[in-house]
Amino acid sequence: AIGRFDLLQLLYGSIVIPTAVFTEVVTQGTGKAGAAETASATWIERRDVSDRSKLAVLATALHGGESEVVALAEELHPDLVIMDETAGRRELASRGLSYIGTVGVVTEAKRRGVIQSLKSELDRLRGCGFHLSDRVYQACLAAVGE
């Protein structure tokens, strides 16, 4: 929504997303921010969850996309999982999987010198309706010296 889709490739090189996330973002999200970029990104690999039986258990607490993210992460053991939803993050943590959210991605981009101003990016996120508490906002800015 803030036009910084490029940060994912710049920071992580390539990413893997489950089919449910691709469907949510590209098919159901046609015309929305990120849909066209995700569909055309050659550095994003779409992958199916091998053990579909895990999804039924996860579906009691998570939505389809989040369930598939957790299940696929368990299969692939990635260095990092990108997840904003609180319930999904709790599930990842309970399984010992490391995660980062949108704010963390933008903060990491500032730390690596990929963006000039964290404040301007966080303000743009808030302007798009992204929930970001004042406490987290201030902590992120302090962490990078802004």
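Looking at every heavy atom in both residues, Leu125 comes nearest to Ile2 through N-CG2, 3.6 Å. Of all heavy-atom pairs spanning Gly29 and Ala35, the tightest one is O-CB, 3.3 Å. In this structure, Ala39 and Phe22 approach most closely via the heavy-atom pair CA-CE1, 4.2 Å. Here the closest heavy-atom approach between residue Lys54 and residue Ala71 is recorded as CB-CB, 4.4 Å. Of all heavy-atom pairs between Ala1 and Cys128, the closest is O-SG, 3.7 Å. Taking every heavy atom of both residues into account, Thr27 and Thr30 meet most closely at O-OG1, 2.9 Å.
A donor-acceptor distance shorter than 3.5 angstrom exists from the side chain of Glu37 to the backbone of Gly34, with no hydrogens or angles considered. Judged purely by atom type and a 3.5 angstrom limit, Glu121 has no side-chain atom pairing as donor or acceptor with the backbone of Val106. Within the 3.5 Å criterion, the main-chain N or O of Val144 finds no donor-acceptor partner in the side chain of Lys110. A donor-acceptor pair under 3.5 Å is absent between the side-chain atoms of Glu45 and the main chain of Val16, judged by distance alone. Without hydrogens or angle criteria, Asp84 side chain to Thr102 main chain gives a donor-acceptor distance under 3.5 Å.
The closest side-chain donor-acceptor pair between Asp123 and Tyr137 falls under 3.5 angstrom.
Leu55 and Val57 fall into different hydrophobic clusters, where Ile, Leu, Val, Met, Phe, Trp and Tyr are joined by side-chain heavy atoms under 4.5 Å apart, directly or via other members. Hydrophobic clustering, with ILVMFWY side chains joined whenever heavy atoms are under 4.5 angstrom apart, groups Leu122 together with Ile115. Under a hydrophobic-cluster definition in which Ile, Leu, Val, Met, Phe, Trp and Tyr are linked whenever side-chain heavy atoms come within less than 4.5 Å, directly or via other members, Leu58 and Leu72 are assigned to different clusters. At a threshold of 4.5 Å between side-chain heavy atoms, the hydrophobic network of Ile, Leu, Val, Met, Phe, Trp and Tyr places Leu76 and Val21 in two separate groups. If you chain together hydrophobic residues whose side chains sit under 4.5 Å apart, Ile100 and Trp43 fall into the same group.
A side-chain contact (heavy atoms from CB on, under 4.5 Å) with Val69 is found for exactly one of Val49, Ile17, Leu62, Val81, namely Val81.
In this structure, Thr107 OG1 and Leu118 CG are separated by 4.5 Å, a value rounded to the nearest 0.5 Å. Within the model, atoms CE of Met83 and CD of Glu66 stand 5.5 Å from one another, a figure rounded to the nearest 0.5 Å. Rounding to the nearest 0.5 angstrom, the gap separating the CG atom in Leu8 from the CD1 atom in Ile44 is 7.0 Å. The line from CD of Gln9 to CG of Leu11 is 10.5 Å long, rounded to the nearest 0.5 Å. Rounded to the nearest 0.5 angstrom, Tyr12 OH and Ile82 CD1 are separated by 5.5 Å. Distance check, rounded to the nearest 0.5 Å: NE2 of His131 to CZ of Arg126 gives 8.5 Å.
More than 12 heavy-atom neighbours from other residues, nucleotides or ligands sit within 6.0 angstrom of CG on Asp51.
Between Glu85 and Arg89 no salt bridge is recorded (no basic side-chain N to carboxylate O distance below 4.0 Å). A salt bridge links Glu68 with Arg52: at least one charged nitrogen is closer than 4.0 Å to a carboxylate oxygen. Look at Glu75 and Arg47 and you find no salt bridge, because none of the NZ, NE, NH1 or NH2 atoms lies under 4.0 Å from a carboxylate O.
Annotation: side chain of Ser98 is not in contact with side chain of Asp79 (no heavy-atom distance under 4.5 Å).
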